[in-house]
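Heads up: the structure comes next, in structure tokens.
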Amino acid sequence: MSPDSITVHSWLPSTANKEFISLKAAIEYAGEHIDELPAIEILIRTGNHRYAILGGNQLAALITRVCSSH
């Protein structure tokens with residue numbers, strides 16, 4: 001994982017984990033898999049092996065906000 005990457009991580013083998021440099025792109029990708037939302041997290045690297053994790057209701061709200069602006 002690169003130092004400025006954002007990872008969409010899925011616990012389901014049917015959805016590939018994918019890295020992004022844009023949070024918006026990561027949220028849009030997660031939105032493409034909205035039916036699998038309980039098994040998806042977005043990991044944002046904050047430095048020194050630390051991450052902010054978006055998931056659950058917080059991720060659902062972001063997907064709604066980002067995808068409705070299109």
How long is the straight-line distance from OG1 of Thr7 back to CD1 of Ile53, given to the nearest 0.5 Å?
11.0 Å
Results of side-chain contact (heavy atoms from CB on, under 4.5 Å) for Leu23 - residues two or more places apart only
Ile6, Ile27, Ile42, Ile44, Leu54
Contacts of Ser10 that satisfy side-chain hydrogen bond (donor to acceptor under 3.5 Å, both in side chains) - sequence neighbours left out
none
side-chain contact (heavy atoms from CB on, under 4.5 Å) filter on Ala25, not counting sequence neighbours, yields Phe20, Ser22
May I ask you to test the Glu28-Val66 pair for a side-chain heavy-atom distance under 4.5 Å?
yes
Minimum heavy-atom distance Leu37-Gly56, with the two atoms named
CD2-O, 4.3 Å
Ser14 side chain reached by His33 side chain, heavy atoms, under 4.5 Å
no
Contacts of Glu32 that satisfy side-chain hydrogen bond (donor to acceptor under 3.5 Å, both in side chains) - sequence neighbours left out
none
Can you tell me if Asp35 has over 12 outside heavy atoms packed within less than 6.0 Å of its CG?
yes
Reported NE2-to-CG distance for the pair His9 and Asn17, which is rounded to 0.5 angstrom:
4.5 Å
What are the two closest non-hydrogen atoms of Thr15 and Tyr29, and how far apart are they?
CG2-OH, 4.0 Å
Taking only residues two or more places apart in sequence, or in another chain, which ones meet Ala39 in a side-chain contact (heavy atoms from CB on, under 4.5 Å)?
Trp11, Leu12
Minimal non-hydrogen separation, Ala52 against Thr46, with atom names
N-CG2, 3.9 Å
When rounded to the nearest 0.5 angstrom, what distance separates CD1 in Ile40 from CD1 in Ile63?
7.0 Å
Any chance you could measure Leu62, atom CG, to Lys24, atom NZ, to the nearest 0.5 Å?
13.0 Å
